[in-house]
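Reviewing the structure listed below.
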Amino acid sequence: MATEKSDSQQEKKISAIFEDDNEDFRNGMIDRVRLIFEEFDKDNDKFLNYFELRALQYATSQTELTPDQYKMACEALGCSPAEGVDVESLRLTYASGGGSDIHKDFDTVFSVRITKGEK
């Protein structure tokens, strides 16, 4: 019962992000997630496989993603570990507030590129 209530509260928080009242925030978040996703989707297949998601995690938190963690993340997001995580699932990960801050991660990923002289 407590789990159902907390799940319901979490769903309300996530859906609130995507409501019209938060349009500027929502659009900014969507753009940032998409750009991060595209940066790490090296094979351009519209999914982040284990190696791509591991690179994203390391770039943003300097921690390694294990194969077991990848599999659990895919299953929790309803994604196939064989395919990987799609952009919508990555967006939901950020929207849920699961410990990642899209603005911090965006700045980290793209400040590294600017520092290296890429544009």
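Heads up: numbering here begins at 1 and tracks the sequence.
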Discussion item. If you apply the rule side chain to side chain contact (heavy atoms under 4.5 Å, CB included), what do you find for V109 with F40, and how did you get there?
Written reply: CA-CA 10 Å; V109 168; F40 287 91; 3.8 Å; yes
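- In this structure, the side chains of E52 and D43 come closer than 4.5 Å at one or more pairs of heavy atoms.
- Side-chain atoms of E75 never come within 3.5 Å of backbone atoms of M72 as a donor-acceptor pair (strictly under, hydrogens ignored).
- Using a 4.0 Å cut-off between charged nitrogen and carboxylate oxygen, R32 and D107 count as a salt-bridge pair.
- Here the CZ-CG distance, from F106 to D31, works out to 8.5 Å after rounding to the nearest 0.5 Å.
- In this view, K104 and D101, T108 satisfy the side-chain contact (heavy atoms from CB on, under 4.5 Å) rule, not counting sequence neighbours.
- Looking only at distances, no side-chain donor or acceptor of Q57 sits under 3.5 Å from a matching main-chain atom of R54.
- Rounding to the nearest 0.5 Å gives a distance of 9.5 Å between CZ of R91 and CD1 of I102.
- Residues Y70 and P81 approach most closely at OH-O, 3.0 Å, considering heavy atoms.
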Item to complete: Apply side chain to side chain contact (heavy atoms under 4.5 Å, CB included) to L65 and L56, showing your working.
Response: CA-CA 9 Å; L65 179 71; L56 168 57; over 6 Å; no
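- If you take OG on S80 and NZ on K71, they are separated by 10.5 Å, rounding to the nearest 0.5 Å.
- Of all heavy-atom pairs between L48 and F37, the closest is CG-CE1, 3.5 Å.
- Nearest heavy atom pair, residue F47 against residue D41, reads O-OD1, 3.0 Å.
- With sequence neighbours left out, L77 forms a side-chain contact (heavy atoms from CB on, under 4.5 Å) with C79, V85, S89, T93.
- The heavy-atom pair separating L35 from F110 by the smallest distance is O-CZ, 3.7 Å.
- In this structure the side chain of V87 never reaches within 4.5 angstrom of the side chain of K46, judged on heavy atoms.
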